[in-house]
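Input: a single structure, listed below in structure tokens.
FYI, the numbering just counts along the sequence from 1.
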Amino acid sequence: FYRFAAVEISSGEMKSQAVTYVLSGGVLAAVAGPSIAQISAHLLGKEYSGSFLAMSLLGALNWLVLSGVNFPGNSNFEEDLGEGRDDRPASLRENDVNVNAKNTNVMSKTRSTSDIIRQPLFILSCSVATIAHTVMVMIMSNCALSMKDDYSLHKASFAMELHFLAMFLPGFFSGYLIKKYSAFTVSAIGSVLFAASATVFALDEKLWNYYAGMTLLGVAWNFSYSGATVMLTGCYSFEEAAEVQAVNDFILLATAGVGCLVSGVIFYYYSWSALIYVASAMMAVNFVLFTFGWELQHGNNSNVKYEGIKGNSENGEMAESLLQSKEEKVSRDRTWSNHSHGRNVSIDYDSDAHQEGIEKLRCSSTGGFV
């Protein structure tokens, strides 16, 4: 859930990068984890008991770091967002409070979780992340077993190291790609990379096939998983976040767990090639989903794209109400003289948070494709 926590405390333009920066922490884990385990394995009397102690200390360090984060609801959170007290004239402050109260009443109309998970955007984002994660786990968990008969443990370990670095290293730039080209596009590129990975695996079982295939698999997972996570944030408002995120991760992790078990059966009773073919068939489902998403975005059926904003649903009415209040606030924008500080201050009522709330409702009423 750390990736979702990062989204909640980030501004709208930084959300995609927040998700990928959290995932990129895996680079440190991939490099430092094995070293810490090896160093601490014999620190205490029993073998590996020192490794478990090191894990506990890392958990305590993680808690200390997180305790310094001001999450929404923390008394310091709003103070950190502003530069100080509100020195505007009383008339402007009173009008602003009235409009904010109106917006609060509108935003409090949260939907049921079942309504949210039926949205096209939730179905697309949850399915893409679930299939991508499941395919990755199925192939990764059997790769070393496939290599053990023909290659040394050192070479199999190196293939896994390449995979782990490929999974998390793109996090340093995939957020920028999502911001520039959209989460949908980056996720679709991830699916193409999954297909490229399966092709490399299917060609042969030489060493370069394993190295290249596992590297492509890692990058594919990062693009698909990061993009789908960012897409998911368009499905819900802040009040709805916890339940929707829980449902998404339950579906994802439960499916990946079953997939891991099934992959072992396929590999044991059939072959590595059979496992690759099954994984490829699963990825074909993602291509169908992306085609469906593309039609929603670019199709000629305007009702699909805009019916929520037209007020044909409860969420559409909520969005209209927020848009109206936004216009009311913008109409009062003015520059006034702050005599106590001897400077002119331009008051912008169209805040990022307000705009973000409008976009959330637009997404929720149209399935996220606006």
Side-chain angles (χ1 to χ4, degrees), residues 1-6 8-9 18-71 74 129 133-172 207 210-211 213-215 217-219 221-222 225-226 229 242 245-246 249-250 252-265 267-268 272:
F1 281 101
Y2 285 165
R3 68 191 193 280
F4 290 126
E8 301 302 337
I9 63 173
V19 170
T20 55
Y21 284 159
V22 169
L23 294 180
S24 65
V27 174
L28 180 61
V31 175
S35 299
I36 293 174
Q38 185 176 3
I39 294 171
S40 60
H42 302 286
L43 284 179
L44 302 179
K46 282 194 173 183
E47 190 176 17
Y48 298 118
S49 37
S51 300
F52 285 100
L53 176 61
M55 289 173 58
S56 301
L57 293 176
L58 288 173
L61 177 62
N62 185 47
W63 177 82
L64 288 174
V65 172
L66 289 176
S67 65
V69 179
N70 288 327
F71 291 99
N74 188 310
H133 193 68
T134 302
V135 168
M136 185 276 294
V137 169
M138 290 173 67
I139 295 177
M140 180 189 69
S141 59
N142 291 280
C143 178
L145 295 175
S146 177
M147 295 180 68
K148 73 173 185 176
D149 292 334
D150 300 317
Y151 304 102
S152 66
L153 178 60
H154 174 73
K155 291 180 179 179
S157 298
F158 184 67
M160 299 306 295
E161 288 176 5
L162 287 175
H163 173 66
F164 291 138
L165 288 174
M167 283 179 65
F168 302 114
L169 196 60
F172 292 109
L207 189 59
Y210 288 109
Y211 285 172
M214 292 302 289
T215 301
L217 183 69
V219 178
W221 175 86
N222 183 281
Y225 196 76
S226 301
T229 298
Q245 292 166 2
D249 275 13
F250 174 79
L252 187 151
L253 296 175
T255 305
V258 173
C260 186
L261 292 174
V262 171
S263 68
V265 174
F267 177 78
Y268 182 79
W272 169 254

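- Once rounded to the nearest 0.5 Å, the distance linking CE of Met138 with CG of Leu261 reads 10.5 Å.
- Ring planes of Phe168 and Trp221: perpendicular class, angle over 60° (limits at 30 and 60°).
- By the side chain to side chain donor-acceptor pair (under 3.5 Å) test, Ser146 pairs with Tyr210, sequence neighbours left out.
- For the side-chain contact (heavy atoms from CB on, under 4.5 Å) test with Thr134, the passing option among Val262, Thr255, Leu252 is Thr255; the others fail.
- The closest donor-acceptor contact from the side chain of Asn222 to the backbone of Gly218 lies at 3.5 Å or more, if one exists at all.
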Pairs of donor and acceptor atoms involving the side chains of residues 50-57, under 3.5 Å and at least two apart or interchain, shall be tabulated with distances.
from  : atom 1 : to    : atom 2 : distance (Å)
Ser51 : OG     : Ala37 : O      : 3.3
Ser51 : OG     : Ser40 : OG     : 3.4
Ser56 : OG     : Phe52 : O      : 3.1

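- In this view, Tyr211 and Phe158 satisfy the ring pair (Phe, Tyr, Trp, His ring centres under 6.0 Å) rule, not counting sequence neighbours.
- Nearest heavy-atom pair across Met140 and Met214 is CA-CE, 4.0 Å.
- In terms of heavy atoms, Gly264 sits closest to Asn142 at CA-OD1, 3.9 Å.
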Q) Taking it one step at a time, do Trp272 and Ile139 satisfy side-chain contact (heavy atoms from CB on, under 4.5 Å)? A) CA-CA 9 Å; Trp272 169 254; Ile139 295 177; 3.7 Å; yes
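- In this structure, Ser49 and Leu44 approach most closely via the heavy-atom pair OG-CB, 3.6 Å.
- Nearest heavy-atom pair, Ala159 versus Met147, reported as atom, atom and distance to 0.1 Å: CB-SD, 4.0 Å.
- Closest approach of Val137 to Ala256, counting heavy atoms only: CG1-O, 4.3 Å.
- Here the shortest heavy-atom pairing between Ser263 and Cys260 reads OG-O, 2.6 Å.
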